[in-house]
Number of protein chains: 2
Amino acid sequence: MGKAAATRLTILQKAFELIYINGYQSTSIDDIIATTKVTKGAFFYHFKNKEEMGLAVINEMMEQTMGKMLLEPLLSSENPLNAIYEMMEYLLIQDPYLQIKYGCPTNNLIQEMAPLNEKFSEALSKIMNQMLLAIENAIERAKNLGLVKAAVNSKEVAIFVTSGYGGIRNLGKLYGTNDYYQAYLKALKSYFESLE
Amino acid sequence: MGKAAATRLTILQKAFELIYINGYQSTSIDDIIATTKVTKGAFFYHFKNKEEMGLAVINEMMEQTMGKMLLEPLLSSENPLNAIYEMMEYLLIQDPYLQIKYGCPTNNLIQEMAPLNEKFSEALSKIMNQMLLAIENAIERAKNLGLVKAAVNSKEVAIFVTSGYGGIRNLGKLYGTNDYYQAYLKALKSYFESLE
DNA sequence: TCAAAAACATACTATTCGGTATGTTTTTGA
DNA sequence: TCAAAAACATACCGAATAGTATGTTTTTGA
């Protein structure tokens, strides 16, 4: 990676980190450059404005991570329903980059920016579509494997499960303890059993 | 109501409206006074600072509404499970004050402010505790009425259902259509049936 | 090697925002 | 009625912020 590309990446990484913690609007460009060795001139050389940088964070940082975290394990799983549960458990309990008090980066940005900025909505929709589709396909595959009742509507379940994930992340932010995560996971497991 | 109290209420109502749409941090005091006939002097006569006003919005506007919308119908319902579903359906589809693209006022504020402000977290926790407890009690009552399996854990279900509500509101903000609400409600209904 | 382009650095600006200082007007109650 | 307190109005301030103007340094490629 060239030096210029490294500078750009430094900006995006720090920006992602600060946006995850404080939100997009509360993250100032001065914040980003103060905690890196990047100057304002370099920042505006790489990005036309703050909005373009925010979109790059979504498209180049968040989307990739989400894809690798989701599509790969779900696509090849022998027990798709179980794979979804494991993914949730990983995201909520194991993932070292996500913290209870800061919630889920994607859901945070949706909450903050969806009503305010069409471009952000589009970029975030791609990520959520990835997630919804991955789960829907997994359920569909579970149906074909005879692991889930044929009457189950895959799309509805995907929406239901994805909603639950976003919501429990928000409850985690509020209460700051993973007790709620544990309770949620138990209920999720029961729910999945009801689909068999 | 005295004139002073009316001024205070005007501020709180407009503040709630703008915070619901744009978020707390993006709602400036200048915004609030520009769209009312309240001056800055009056604003700071009634509230020590912006934070105190924000807390008043939560405690005096949101908490009451939530209590009346939740506790009352759920407490007296003959079929508690059905009452929860009806409440969700009302909040998502019927409620004239809530809009798809702006999501849920409480969940919005949690998302934005929980990691940033302890006082906001406390105030918002009271509201969410109300909701969680109301649902938990309703499930418990359904169990006593023989409408729900004894093995069901009321607290876990309350957390699961509350998460789902917050999450689907966020998806609604992203996609701007109530198709997702409808799919969510169908899945919720199926889920409730699995508890019987 | 060396000029042109890319990449970065610094100082500055216009605007916004929360909050204050200092008033004036309105209400209250003895 | 009238003074004191409550309620409101206006002008202003300092800090923060996105973005720009104008440089200098580094890299590139012929």
Side-chain angles (χ1 to χ4, degrees), chain A residues 1-58 60 109 112-113 115-120 123, chain B residues 1-60 108-109 112-113 115-120 123:
Chain A
M1 181 169 51
K3 199 161 170 282
T7 300
R8 190 187 145 93
L9 188 61
T10 299
I11 293 171
L12 289 179
Q13 283 172 337
K14 178 58 73 177
F16 169 76
E17 183 187 324
L18 292 176
I19 289 171
Y20 175 43
I21 295 173
N22 300 311
Y24 171 79
Q25 294 173 97
S26 289
T27 297
S28 72
I29 294 166
D30 285 343
D31 286 340
I32 296 170
I33 65 179
T35 48
T36 54
K37 278 161 193 160
V38 175
T39 63
K40 193 161 273 196
F43 182 96
F44 280 99
Y45 173 77
H46 284 285
F47 303 100
K48 199 178 71 192
N49 51 36
K50 190 186 175 186
E51 184 191 40
E52 199 183 68
M53 181 223 61
L55 293 171
V57 167
I58 299 174
E60 298 172 34
L109 265 182
E112 181 186 1
M113 298 304 295
L116 303 179
N117 189 304
E118 185 82 21
K119 292 177 189 169
F120 274 64
Chain B
M1 182 167 53
K3 197 161 170 283
T7 299
R8 191 188 144 92
L9 188 62
T10 298
I11 293 171
L12 289 179
Q13 283 173 336
K14 179 56 74 176
F16 169 77
E17 184 186 323
L18 292 176
I19 289 171
Y20 175 44
I21 295 172
N22 300 311
Y24 171 78
Q25 294 175 97
S26 289
T27 298
S28 71
I29 295 167
D30 286 344
D31 285 341
I32 297 170
I33 65 180
T35 47
T36 54
K37 277 160 195 161
V38 176
T39 61
K40 194 161 270 197
F43 182 97
F44 280 99
Y45 174 79
H46 284 284
F47 303 100
K48 199 178 72 194
N49 49 37
K50 190 187 176 187
E51 183 190 40
E52 199 182 68
M53 180 223 63
L55 293 172
V57 167
I58 299 173
N59 292 322
E60 298 172 35
N108 290 356
L109 264 181
E112 180 186 3
M113 299 304 295
L116 303 178
N117 189 303
E118 185 82 21
K119 291 177 188 169
F120 275 65

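We name chains A, B, ... by the order of the sequence lines, and we start the count at 1 in each one.
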Given [options], which nucleotide is nearest the side-chain atoms of [X]?
X	options	value
B:Ala42	D:dC8, C:dC8, D:dT20	D:dC8
B:Phe44	C:dC8, D:dA9, C:dT20	C:dT20
B:Asn49	D:dT20, C:dC8, C:dG19	C:dG19

Remember a base hit wins even if backbone is also touched, and classify B:Thr27 as base, sugar-phosphate or nothing at under 4.0 Å, heavy atoms.
sugar-phosphate

Under 4.0 Å, heavy atoms only, any strand: does A:Ser28 hit a base, just the sugar-phosphate, or nothing?
sugar-phosphate

Between A:Ile29 and A:Gly41, which has a closest nucleotide on DNA chain D that is more 5'?
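Per heavy-atom nearest nucleotide, the more 5' residue is A:Ile29.
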
Compare side-chain N and O positions of B:His46 against OP1 and OP2 of D:dA6 and report whether any pair is under 4.0 Å apart.
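For B:His46, the contact criterion (side-chain N or O under 4.0 Å from OP1 or OP2 of D:dA6) is not met.
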
Between A:Thr7 and C:dC8, is there a side-chain N or O to OP1/OP2 distance below 4.0 Å?
yes

Atom pair distance, as rounded to whole Å: [atom1] in [X] and [atom2] in [N]:
X	N	atom1	atom2	answer
B:Lys40	C:dT22	NZ	P	17 Å
A:Tyr24	D:dT17	OH	C1'	12 Å
B:Tyr45	C:dT20	OH	C1'	17 Å
A:Ile32	D:dT17	CD1	P	11 Å
B:Gln25	C:dT16	CD	P	19 Å
A:Asp30	C:dC12	CG	P	16 Å
A:Phe47	D:dG19	CZ	P	13 Å
B:Leu9	D:dC8	CG	P	12 Å

Between the base of D:dG19 and the side chain of A:Lys50, is one N or O donor paired with an acceptor at under 3.5 angstrom?
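Side chain to base: no pair present.
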
Look only at the side chain of A:Lys50 and the backbone of A:Thr27, and say whether a donor-acceptor pair between them is shorter than 3.5 Å.
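Yes; at least one donor-acceptor contact below 3.5 Å.
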
Rounding to 0.5 Å, atoms CG (A:Leu12) and CD1 (A:Ile32) come to a distance of 9.0 Å

Any non-hydrogen side-chain atom of A:Lys119 less than 4.5 Å from a side-chain atom of A:Glu51?
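A:Lys119 vs A:Glu51: side chains touch.
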
